[in-house]
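Counting starts at 1 for both ligands and their atoms, in listed order. Worth saying up front: this structure is predicted, and the values here are computed from it rather than measured.
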Amino acid sequence: MKQLLIILLLTQFIFIKTNAQETERWDKEVSATPNPSQQWFKDAKFGMFIHWGLFAQAGGVWQGKDYYGISEWMMNRGKIPAVNYAELAKKFNPTKFNAKEWAQLAKDAGMKYMVITAKHHEGFAMFDSKVSDFNIVKATPYHQDPMKSLAQAVRDAGLHFGFYYSQYLDWHEPNGGGNRWDFNEAKKDYQAYYRTKSIPQIKELLNNYGSLGLIWFDMPGGLSKEETQKLIDDVRKIQPGCLISSRVGNGLGDFKDYGDGEIPATAPGDGAWEALFTHNDSWGYSKFDYNFKTPKEIVRLLTTVSSKGGNLILNVGPDSTGQMPEYSVKYLRLVGKWLKVNGEAIYGTTAGFINPQPWGLTTSKPDKLYLHVFERPKDGLIFIPGLYQIKKAYLLANKQPLAFVKANGGISIKLPYLIDPYNTVIAVDLKSKPISLNVDAPVTVSNQYTNNALDAINAHPSGKAQIKSITYSHYFGDWKHTLCLVEMATPEDGAIFLANITTPGDYKVTLEYACPPALAGQEGVMNLNGKNYQFATLATSDYESHKPLLFIKQTIAITTILKAGLYRLNIHPLHNGNELFKLKTIWLEPVN
Ligand code: H79
């Protein structure tokens, strides 16, 4: 029995390792000397990503089989022979494509740049290419180059235009990366692929479509650091101002891209960076994917990324007729309406210097702080810890001045009502820029909110415990990332959370975590308010990056806070054992 358990645990360990390697293929490092013409990118904050290719023709269906998950990977998943997949081109005829409409949609959405797939991993060029006949002009009944008119329309609309180009993966070519079902890996000559297709096509894109704001490389491979630098030099020679994404690989590139669907845990500093999300779960058009983010979710996502100082590039997947999904059109325009009123608090801002608060997030400009209120406290007092002096505060939407009062440890601004359910912005004129962002500051907890979250990011880990971004997926390739407190396996591997509880009363304490069935039942202990609370863990699911990760909410304590003040919550395993759980959040719910 014991041996079986050990084998079980070992195999799990191996799984975790290989999965980690697979998902660490997102290069996030950039050159120490990035392209200096990146200010437009830093100020832009919001861009449109478009995934368009033969995968839109299939929409996730191949020979009657439905492939849920990211549709642009269907060829790889189905190990579809390249010659058969290429047949999709014969029907690809986007007669409803209208470059001006797409440019107008991006503009109406408040986006400042657009990036479209010139060639995704399937190897099909969505532009007129002399390098390969496997392109939209030669191989489809459409016979036109949509990228020509799109590049023009986007620039005419005043936006920056860029191409996505998959530089290494090419499932159509014997020498391209990734296709091992048709072509023998041992016979692949990546250098030949770069020399005869990848680099010549990149040069076509740089030479034939006017000024490019950026080239978005993805999934590097097959090149040494020197060779990657040479590729960058080639780009620079043709278009010196064109920015390059970090996924060019080998720690080079001008701006950082995080993992698909990932936001960095904290503001990463001054360099240019981007978080990339898709509107639903697939990047390419998928017939069954209706999990579109609502306008409120998009506004809050954009705000979250801005509050850490980065850009959000949000993807849409047009279908094979050239039409954008109905809900993308509708919801992006609503986001644009919000930005028309509140754009000042997003464009050209830098990371907010106040920690995330129970009411929302902040962005900043010199002498200005913007409070993005997602949830109004019951008494309407927006408490800003660490800020003691301000000139004035007003609602950004209608300039209505707001009263403010000194509070214990900061300032409170009185918000009479929420003017916008997506995000109500309060602009604050500062006397001087105070303290900088401090992630270690205590979390404000009170009975003014229906619930209070102590998130993994707020933990002060000790021993082997650490805060980690855990990657998993639902269907296939639709990556999700959740920050968790992990590696707590002995009583020494624990964490402390600091809570500034501003209103006395009873609070319910609930742990939200994931725990593999084989490890459930281990005991932990939480110390709060002078008392130890013991618990045993419950089973959720095994962790594997290619599967969903389930979380459970388990209430472990109720406690009476008699006095407002700073409280330390300490949590750790009771005995030596295996990882206790992956702890996402500790909830402190006021009992009113
Ligand atoms: O273009 C979109 C995705 O198609 C692309 N990036 C965004 C912008 C992308 N390419 N690769 N990946 C994302 C991640 C690939 C992950 C992999 Fe796997 C893990 C490849 C092999 C293991 C998932 C599981 C895909 C195939 C098996």
Engineer: Should the ring pair Tyr290 and Phe292 be called parallel, tilted or perpendicular, given that the plane angle runs from 0 to 90° and is split at 30 and 60?
Structural biologist: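 Geometry flag for Phe292 against Tyr290: perpendicular rings.
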Engineer: Within the distance-only criterion (no hydrogens, no angle test), does the side chain of Glu122 pair as donor or acceptor with the backbone N or O of Ala82 below 3.5 angstrom?
Structural biologist: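 Checked: no pair found.
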Engineer: Yes or no: does Glu122 have any heavy atom under 4.0 Å from an atom of ligand 1?
Structural biologist: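 False for this residue.
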Engineer: Quick check for you: to the nearest 0.5 Å, what is the distance between Lys203 atom NZ and Lys237 atom NZ?
Structural biologist: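 These two atoms lie 7.0 Å from each other.
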Engineer: Could an N or O of ligand 1 be found under 3.5 Å from any N or O of Trp73, whether backbone or side chain?
Structural biologist: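 In this structure, Trp73 places an N or O atom under 3.5 Å from an N or O of ligand 1.
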Engineer: I'd like to check whether Trp479 has a polar contact with ligand 1, where a contact means an N/O of the residue lying under 3.5 Å from an N/O of the ligand.
Structural biologist: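 There is no such contact.
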Engineer: Which atoms from ligand 1 have a heavy atom of Phe476 less than 4.0 Å away?
Structural biologist: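 Those atoms are 23 (C), 24 (C), 25 (C), 26 (C), 27 (C).
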Engineer: Can a donor-acceptor pair be found between the side chains of His120 and Ser166 at a distance below 3.5 Å?
Structural biologist: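 No, no side-chain donor-acceptor contact under 3.5 Å.
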Engineer: At a 4.0 Å threshold, what atoms of ligand 1 neighbour a non-hydrogen atom of Glu72?
Structural biologist: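 What qualifies from ligand 1 is 2 (C), 3 (C), 4 (O).
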Engineer: Is the number of heavy atoms from other residues, nucleotides or ligands under 6.0 Å of Asp270 CG greater than 12?
Structural biologist: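 Counting neighbours around CG of Asp270, 12 or fewer heavy atoms of other residues, nucleotides or ligands fall under 6.0 Å, so no.
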Engineer: Output the list of atoms in ligand 1 that are nearer than 4.0 Å to some heavy atom of His51, sorted by atom number.
Structural biologist: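 Taking each heavy atom of His51 in turn, ligand 1 has 1 (O), 2 (C), 8 (C) under 4.0 Å.
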Engineer: Would you mind running through ligand 1 and noting each atom that sits below 4.0 Å from a heavy atom of Leu276?
Structural biologist: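 Counting from 1, the qualifying ligand atoms are 8 (C).
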Engineer: May I ask you to list the atoms of ligand 1 that are less than 4.0 angstrom from any heavy atom of Arg247?
Structural biologist: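 Matching atoms, with element in brackets: 6 (N).
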Engineer: Nearest to atom 24 (C) of ligand 1 by heavy atom, His121, His546, His120, Met219: which?
Structural biologist: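 Nearest heavy atom to atom 24 (C) of ligand 1 lies in His546.
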Engineer: Regarding atom 13 (C) of ligand 1: of the candidates Asp260, Asn315, Thr278, which has the closest heavy atom?
Structural biologist: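 Ranked by closest heavy atom to atom 13 (C) of ligand 1, first place is Asp260.
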Engineer: Please state whether the rings of Phe161 and Phe163 are parallel, tilted or perpendicular, taking 30° and 60° as the class boundaries.
Structural biologist: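 Ring orientation of Phe161 relative to Phe163: perpendicular.
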Engineer: Quiz question: by atom type and distance under 3.5 Å, do the side chains of Asp281 and Asn291 form a donor-acceptor pair?
Structural biologist: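 A pair is found: one side chain offers a donor N or O, the other an acceptor, under 3.5 Å apart.
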Engineer: Does Phe277 have Lys293 sitting over its ring (NZ/CZ under 6.0 Å from centre, angle to axis within 45°)?
Structural biologist: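 No - Lys293 does not lie over the ring of Phe277 by the 6.0 Å and 45° rule.
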Engineer: For ligand 1, note which part of Thr117 has a heavy atom under 4.0 Å away: side chain, backbone, both or neither.
Structural biologist: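 No part of Thr117 is near ligand 1 at this cut-off.
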